[in-house]
Each structure stands twice: as C-alpha cells, then as structure tokens.
There are 2 protein chains.
Amino acid sequence: MNISKPEGASERSAERLVHVPLEGRAYDILIGPGLIGRAGGEITSRLKGRRAAIVTDEHVGAHYLEALMDSLQTDGIEAVSLSLPAGEKTKSLEHLSTVCDMVLTARIERNDAVIALGGGVIGDLAGFAAGIVRRGVRFVQIPTTLLAQVDSSVGGKTGINTRHGKNLLGVFHQPDLVLADSAALDSLSEREFRAGYAEVAKYGLIDKPDFFGWLEKNWKKVFEGGPERIEAIAVSCQAKADVVVEDERETGRRALLNLGHTFGHALEAATQYDSSRLVHGEGVAIGMVLAHQFSARLNLASPDDAKRVEAHLREVGLPTTMGEIPGELPPTEKLLDAIAQDKKVKGGKLTFILTHGVGQSFIADDVPPSEVLSFLEEKRPK
Amino acid sequence: MNISKPEGASERSAERLVHVPLEGRAYDILIGPGLIGRAGGEITSRLKGRRAAIVTDEHVGAHYLEALMDSLQTDGIEAVSLSLPAGEKTKSLEHLSTVCDMVLTARIERNDAVIALGGGVIGDLAGFAAGIVRRGVRFVQIPTTLLAQVDSSVGGKTGINTRHGKNLLGVFHQPDLVLADSAALDSLSEREFRAGYAEVAKYGLIDKPDFFGWLEKNWKKVFEGGPERIEAIAVSCQAKADVVVEDERETGRRALLNLGHTFGHALEAATQYDSSRLVHGEGVAIGMVLAHQFSARLNLASPDDAKRVEAHLREVGLPTTMGEIPGELPPTEKLLDAIAQDKKVKGGKLTFILTHGVGQSFIADDVPPSEVLSFLEEKRPK
Ligand SMILES: NC(=O)c1ccc[n+]([C@@H]2O[C@H](COP(=O)([O-])OP(=O)(O)OC[C@H]3O[C@@H](n4cnc5c(N)ncnc54)[C@H](O)[C@@H]3O)[C@@H](O)[C@H]2O)c1
Ligand SMILES: NC(=O)c1ccc[n+]([C@@H]2O[C@H](COP(=O)([O-])OP(=O)(O)OC[C@H]3O[C@@H](n4cnc5c(N)ncnc54)[C@H](O)[C@@H]3O)[C@@H](O)[C@H]2O)c1
Ligand SMILES: [Zn+2]
Ligand SMILES: [Zn+2]
C-alpha cells in the first residue's frame with residue numbers, strides 16, 4: 001500500500017491504476033481527473049468491439065454524456081445512449097427490460113460494451129443488463145459518485161430491487177474496465193460525497209489502521225480534490241479488489257466489507273429507504289460507530305476506538321448516532337427484525353462484523369440477538 | 001463409452017449416472033425410470049436447503065406434478081409450485097418476472113432449490129430465474145422431453161426470448177442435479193420424441209461413429225423404452241457433459257454441438273418458429289442432412305455418408321429435406337440472411353460445422369456465403 005502523495009505535478013501523472021487479477025477476467029481500474037474525456041482511447045486499447053450502449057441517469061447525463069459520446073466517436077466507437085430517471089427506483093425490472101431492449105436494438109455483440117455512466121444505481125442496473133444480454137457482453141463502468149468509485153463499480157455485483165427487497169435479482173458480472181474520473185465528483189452534492197466517504201473510511205476500519213490515520217489527517221484534501229482524493233480512491237479500490245479476488249462470490253472474507261452495514265441496512269429499512277432522511281453511506285457511518293461501540297460493550301475492543309471513529313466521522317459531517325436521523329424510528333424489536341432478516345442470519349445467532357479496534361475487524365457468527373436488542377435499546381434516541 | 005446393454009433385471013439397476021466434473025460446481029445427472037417419484041431423496045442427499053419452488057407447464061404438471069410434490073413432502077422438503085402455459089412463448093420476460101416473484105415469495109435462499117419440471121422451455125426459464133434470484137440459488141432440472149434430457153438440461157445455458165430473437169437474454173447457471181426420468185417420456189408425443197432423437201443422433205454424428213451405428217440398429221428400442229432408451233440418453237448426456245467441461249462458455253469446441261443447427265435455425269426462422277410447421281429437432285434433422293450434403297459438395301466428405309445419415313433419420317420418421325416442410329419457404333437469399341445473422345458469423349465468412357464423414361465433424365470458419373447460396377438454391381423445393 002502506498003499512501004504517500006503521488007509525485008509529479010502534471011494532472012496525468014497523478015493517475016492511478018489498480019489491476020484486479022481475476023483469473024480469465026482480469027481488469028483495470030483507472031483513477032484520475034479527466035478520464036471521461038479520454039474514455040474512447042482507454043476502451044479501444046482494451047476491448048475489441050467498436051459498438052457501445054451507454055446507460056446514464058438524467059443528472060449525470062446532463063453533466064457528462066456529451067463529453068463521453070465525443071470521446072467515443074473520436075476513437076471510432078459507434079455509441080447510443082439511454083438516460084433514465086435518477087434514483088434508487090430506477091433499479092427495477094421495468095428499467096432492466098428497457099435497458100436490455102436498447103442494448104439489443106444497438107446490436108451489441110459479446111465483444112461490444114455496455115457502459116454505465118453514473119452512480120451505483122446505474123452501475124448495478126446496466127451491469128445486470130450487460131450480464132444477461134447474450135449471456136454476457138463487455139461491461140465498462142464509469143462511476144460518477146464517490147460510493148460507486150470506491151465500492152459498487154468494483155467487484156462484479158449487479159442487481160435490481162423487487163417488492164420483496166433490495167438487490168434480490170442480479171448476477172455476478174465483472175466489468176472489463178473501470179474509469180473512475182476523480183474530477184467528475186466535483187459536481188456531486190456535498191451530502192453524496194460524504195456518504196461515499198463513509199465507505200472510504202470503512203476500508204481503513206476493516207484492516208488498514210494506517211490508512212484510517214492518514215484519512216484523519218488528510219480528509220479535507222480528499223473532499224477538496226487533487227492528489228489526495230485520487231489516493232484515497234485508489235487505496236479503497238485496491239482494498240476492495242483484494243477482497244474480491246480472494247472471495248469473488250462472497251462465501252467468506254468478502255463479508256468484512258459489510259462492516260457497519262448490518263446496523264446500517266436496518267436503519268435504511270427503518271427509514272423506508274427515504275433518502276431525504278438517510279442515504280446509504282450515512283446509515284453505514286452510524287452503523288460503523290455502532291459496530292465499534294457494540295464491540296466495546298462485548299469487551300472485544302476499547303471504548304476509545306469507538307470514540308475515535310465517531311470523532312472522525314462527525315468531523316467530516318457524517319451522522320454518527322441514531323438520534324440524528326430525522327423523524328421517528330420504529331420500536332427496537334422492529335430494528336432487530338430487520339437485522340435478522342438481513343441475509344447474514346445463521347440459525348438463531350446473528351452474524352456481525354465486529355472489531356478488536358481500528359483496523360482490526362472480524363466476522364462474528366454467534367452474536368446473541370438479546371445482546372443486540374439491549375444495546376440498541378440503550379443507543380436509540382429516548 | 002459403454003453402449004452395451006446394462007446388466008441386471010431390476011428397474012433400478014438399469015439406472016445410469018453421468019458426473020459432470022465442473023470445478024467447484026460438479027453435479028450428477030441420473031437417468032432411469034421412476035426418478036420423479038424418488039426426487040425428494042435424491043435432492044436431500046445432495047442439497048442442504050429444505051425448501052423448493054417448482055416451475056412446470058400445464059401439460060407436464062398434469063402428468064407429474066403431484067408425484068413430485070409427494071416425493072418432496074415425504075423427504076421433508078417444503079415445496080410450492082407454479083404451472084405456466086406450455087410452449088415457446090412462455091420463455092418471456094413477463095414469465096421470468098412471475099417466476100422470480102414466486103421464488104422470492106417462497107423465501108428460497110441460496111441453498112434452497114428452484115426445480116424445473118418440464119421440457120427445454122421450462123428448463124431455460126426456471127434456470128434463468130434460479131441464476132438471478134439472490135445472484136444464484138440451487139437449481140434442479142427434471143427434464144421431461146427427450147430434447148431436454150439429452151441437451152437443454154445439461155450445460156448450464158438458460159434464457160428467454162425477446163422481440164429481437166431467441167435466447168437473447170440469459171445466464172450460464174449450472175444445475176446442481178439433473179434427474180432424467182426416462183419413463184416420463186412415455187407420455188410425450190411421438191413427434192416430440194422424434195425431434196429429441198435428432199439431437200441424440202447428433203452426438204453420434206459429431207464424433208461417435210460407433211454410437212451412430214448402434215442407433216441405426218437399436219433406435220426402435222430407444223423409442224419403445226427400456227434399457228436402450230436409458231443407454232442412449234446416458235451416452236448423449238455424457239457426450240454433452242464432455243464438451244461442456246472442456247468449454248463451458250462456448251468459446252471453442254462447444255460449437256460442435258451446433259452441427260445441423262446453422263441450417264436448422266435458418267429453417268426455424270423461415271417458418272416463423274411455427275411449431276405446427278417445424279419443431280426445433282426437425283429443423284436439426286434437415287440441417288444435419290444438409291451439413292453432410294454440403295460437406296460432400298465441398299469435397300470434404302463422401303456423398304455416401306450424407307445418404308447414410310438421411311436414410312437413418314428418415315427411417316425414424318424425421319424430415320430430411322426442405323421439401324417436407326409444409327407451406328412456402330422464403331427466397332434463398334432470405335435463408336442465407338438468417339444464417340448470416342446467426343451468431344456464428346465472423347467478418348464476411350460464415351462459420352459452419354462441417355464433416356469429413358459420420359462422426360468426424362469439425363468447425364469451419366471460412367465458408368464463402370456464395371457457396372451456401374448456390375447449395376441452398378439447389379436443395380430447396382422447386
Ligand atoms: N454493486 C455493488 O457492489 C454495490 C455496492 C454498494 C452499493 N451499491 C448500490 O449503489 C446504489 C447507490 O449508489 P450511489 O450512492 O452512487 O447512488 P446513485 O447512483 O443514486 O447516485 C446518487 C445521486 O447522485 C447523482 N449523481 C451521480 N453522479 C453525479 C455527479 N458526478 N454529479 C452530480 N450528480 C451525480 C445521481 O444522479 C443520483 O441522484 C444503491 O442502489 C446500492 O444498492 C452496489
Ligand atoms: N439450454 C439449452 O442448452 C438448450 C438446448 C436446446 C434447446 N433449448 C431450448 O429448449 C426449448 C425446446 O425444448 P423442448 O423441445 O423440450 O420443448 P417444450 O419444453 O416446449 O416441450 C415440448 C412440448 O412437450 C410437452 N411435454 C414436455 N414433457 C412432456 C411429457 N413428459 N409428457 C407430455 N408432454 C410433455 C410440453 O408441455 C410442450 O408442449 C427451446 O426453447 C430451446 O431454445 C435449450
Ligand atoms: Zn455500502
Ligand atoms: Zn438443438
């Protein structure tokens with residue numbers, strides 16, 4: 001891990017490359033400013049096909065679609081595009097059907113690409129389509145939120161929501177290339193940027209204490225842009241890639257990526273996924289603080305670690321307590337139900353990602369529900 | 001390959017097992033009479049989950065659903081079922097959506113199973129659903145047509161049709177168990193049985209000349225049932241499994257399985273997939289004869305081989321010439337267009353499975369379209 005400032009002054013030299021060495025489907029993640037405007041060249045130097053179908057949403061499309069289309073055209077890629085409404089509701093079977101129809105109409109063959117230009121919503125939806133059209137065509141991720149750059153665009157999970165819950169239909173379909181344009185984050189709202197930052201901090205808390213320490217010092221520069229932002233994204237992508245290569249199908253170690261997510265998902269469910277109340281990264285921020293506090297309560301970690309985590313996330317402007325969520329929360333039993341319904345249930349015990357301290361997380365699969373209940377009871381707003 | 005009569009007189013001893021040694025996802029194909037009535041035991045001895053969602057069609061369901069449900073119940077598997085209209089139209093996104101909803105409502109988790117009870121239509125549809133619910137749950141194939149037993153249930157291809165063409169959306173999702181109940185074929189129409197037989201003969205023609213010779217002698221017993229039927233299915237499954245293990249994602253050798261299919265698909269398209277005029281296996285039968293005749297015309301094989309193939313397929317009651325297809329065929333140029341649109345096009349040349357004789361097929365990727373055109377012109381009904 002290299003978390004020093006990159007050397008060299010030119011924009012281009014600040015670029016990072018993370019290679020994901022999956023057997024037979026290895027791919028590159030490029031991170032740096034201006035990648036959208038150079039997408040054509042990066043794609044043609046790696047993929048055989050000369051056709052592309054771009055999926056984006058209305059916010060992102062307004063900012064970056066033209067630049068992307070221009071770049072593809074310059075490099076001889078024939079591209080069509082589809083701009084969908086922004087928001088989680090777009091991850092539906094109806095929109096999947098629309099995307100597949102558009103990809104087939106564009107006569108995308110196995111070596112041609114579906115390109116996702118947007119946040120995690122567009123990446124998950126377009127990736128699913130790329131995974132099922134002709135049983136799999138090439139897929140290029142151009143993530144435009146911090147969350148998508150450090151998390152959803154890496155690892156090959158794709159999916160849509162159904163009335164039964166989130167991400168219940170999908171496939172594993174690895175991208176063939178990820179272009180994380182760090183400058184594209186400049187148009188992202190402060191709130192969305194912060195939410196993505198929770199996932200960046202997560203990688204430090206899982207098993208990179210030095211990186212967490214570096215973030216404590218450098219987070220402002222990460223928010224402002226420049227080399228520190230690129231560095232933070234690169235370290236995060238590398239961390240995710242390492243776990244994915246080790247455990248592509250999430251049967252073991254990949255579960256560590258759920259640090260903060262068991263509590264976080266319960267809070268998202270408790271707020272009916274209403275993003276005006278809570279967005280995913282905010283739920284994760286609160287969830288990570290709770291995971292550290294809960295670990296301290298179980299005498300697994302020092303309470304000082306929980307305080308350190310809370311202090312940093314609060315400093316960057318993330319919520320760290322349930323009390324900060326606007327509106328009423330359901331009864332504690334209902335929160336626990338949401339946790340138990342989460343996929344991580346085994347028999348009567350609950351599976352949690354707990355920690356021995358900053359950067360020392362582990363999978364605990366024998367957490368008694370009663371302990372969680374009394375802990376949540378204590379922590380919820382009175 | 002063992003194509004001698006199985007020894008032992010009892011029904012059970014006539015059973016065959018073909019193991020498909022895919023790394024990490026190896027599975028068994030059982031072939032024999034009465035397997036539907038013993039499905040529960042075969043499933044519980046291999047899979048962990050104790051829930052199942054059965055997908056069937058109205059014809060098959062009327063015959064076998066009750067026996068299957070009874071067997072599952074006896075072995076402690078909690079099962080629900082969904083019976084869909086029979087026919088190719090059922091391979092649609094709408095029905096996929098219905099199946100996924102039913103599977104999620106039944107709270108099928110990763111270790112639980114979706115069970116396909118039916119022909120290739122149900123297998124392709126239910127397999128697709130099993131491949132995408134929670135990014136993949138267990139999948140059991142109980143194929144009830146000869147075509148499904150020897151072809152579609154083995155190999156992991158799943159899919160549905162769209163307005164753009166057949167099988168354009170799908171995933172590779174290997175089954176965890178295939179139960180080919182040879183006695184269930186007794187209720188199949190003679191025409192459907194014959195259509196499946198074309199695929200059985202195909203394995204001989206690809207690279208098993210002895211098996212083709214055995215079929216020439218024993219085909220009547222295969223049609224009647226008994227050990228020869230089981231044997232023919234087992235040899236076919238083994239042949240398909242061998243190819244699949246070698247080339248799971250169809251990048252090379254698996255293309256040999258398309259012997260007869262390039263011409264066959266063109267004829268299916270030419271008859272608008274109207275099964276009253278032509279069913280898939282009939283198209284394959286005509287296509288295999290054409291492939292042998294075309295190979296002879298290109299001086300690759302002896303015309304005697306083409307005659308031998310035609311004689312056998314005609315003897316079992318399959319069509320072997322375009323003239324036997326009821327109704328008008330489109331102009332030859334249109335047939336060629338359908339061939340060129342088939343996925344097997346590379347640049348200007350066409351990819352065909354040709355042959356040096358019975359059991360000596362090979363992939364030819366440099367067939368000039370003009371040769372095909374004049375050949376078809378000569379062979380089509382005047
Ligand atoms: N596949 C995975 O492994 C994985 C991992 C984590 C999360 N996810 C999924 O990701 C989704 C959330 O992703 P997200 O947080 O990126 O949400 P999102 O895609 O909805 O984007 C958030 C908002 O930001 C806007 N936006 C995006 N980029 C912008 C830019 N550069 N400038 C201005 N506005 C921009 C979008 O239009 C949207 O309104 C969820 O559906 C979640 O399930 C998937
Ligand atoms: N996945 C693959 O690798 C693969 C390979 C070849 C074909 N296929 C697909 O398979 C499909 C064709 O399969 P099929 O020929 O089995 O068609 P099918 O599933 O439509 O079955 C044919 C007819 O027979 C009826 N039937 C089935 N079993 C019966 C039984 N035991 N008794 C009485 N009636 C019965 C069905 O209800 C239907 O009416 C096509 O969609 C084709 O694309 C897939
Ligand atoms: Zn997350
Ligand atoms: Zn076939």
Side-chain angles (χ1 to χ4, degrees), chain A residues 23-25 48 92-111 114 124 127-137 155-174 247-251 254 341-347, chain B residues 23-25 48 92-111 114 124 127-137 155-174 247-251 254 341-347:
Chain A
E23 224 191 289
R25 291 153 301 134
K48 270 190 265 171
S92 70
L93 192 61
E94 289 66 36
H95 283 107
L96 178 73
S97 170
T98 308
V99 172
C100 290
D101 190 64
M102 168 260 200
V103 172
L104 286 166
T105 303
R107 299 202 286 129
I108 298 297
E109 302 274 340
R110 280 197 196 175
N111 287 322
V114 170
D124 281 10
F128 192 7
I132 64 175
V133 168
R134 301 177 189 277
R135 297 194 192 94
V137 299
K157 278 197 194 176
T158 74
I160 58 174
N161 309 322
T162 79
R163 66 186 182 95
H164 299 278
K166 276 202 57 171
N167 298 322
L168 285 175
L169 301 180
V171 293
F172 284 93
H173 188 62
Q174 297 290 343
D247 177 20
E248 190 181 350
R249 296 278 168 142
E250 193 163 23
T251 52
R254 189 162 175 169
Q341 265 171 40
D342 212 70
K343 287 169 227 154
K344 296 160 224 52
V345 189
K346 286 212 183 111
Chain B
E23 224 191 290
R25 291 150 303 133
K48 270 190 265 171
S92 69
L93 193 62
E94 290 64 40
H95 284 106
L96 179 72
S97 170
T98 308
V99 172
C100 290
D101 190 65
M102 168 260 198
V103 172
L104 286 167
T105 303
R107 298 203 286 129
I108 299 297
E109 302 273 341
R110 280 197 195 175
N111 287 322
V114 170
D124 280 9
F128 192 7
I132 63 175
V133 168
R134 299 176 191 282
R135 298 194 192 94
V137 299
K157 277 196 196 178
T158 73
I160 58 174
N161 309 322
T162 78
R163 67 187 181 95
H164 299 277
K166 275 202 58 172
N167 298 323
L168 285 175
L169 301 181
V171 292
F172 284 92
H173 188 63
Q174 297 291 343
D247 177 21
E248 190 182 351
R249 296 275 168 145
E250 193 164 20
T251 52
R254 189 162 176 171
Q341 265 170 40
D342 213 70
K343 286 172 230 155
K344 296 160 223 54
V345 190
K346 285 211 185 110

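Order of the sequence lines sets the chain letters (A, B, ...), proteins ahead of strands, with each chain counted from 1.
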All side chain to side chain donor-acceptor pair (under 3.5 Å) counterparts of B/His173, not counting sequence neighbours = none
Top contributor to chain A interface from B/Leu104, B/Val133, B/Thr105 [non-hydrogen pairs under 4.5 Å] | B/Leu104
The interface call for B/Arg163 against chain A, heavy-atom contacts under 4.5 Å, is side chain
Classify the side-chain pair B/Thr98/B/His95 by whether it contains a donor and acceptor separated by less than 3.5 Å.
-> no
Set of salt bridge (Lys or Arg N to Asp or Glu O under 4.0 Å) partners for A/Arg25, sequence neighbours left out = A/Glu248
Largest heavy-atom contact set with chain B, pairs under 4.5 Å, which of A/Thr158, A/Ile160, A/Leu93, A/Thr162 = A/Thr158
Value rounded to 0.5 Å, distance of CG in A/Leu169 from CZ in A/Phe128 | 5.5 Å
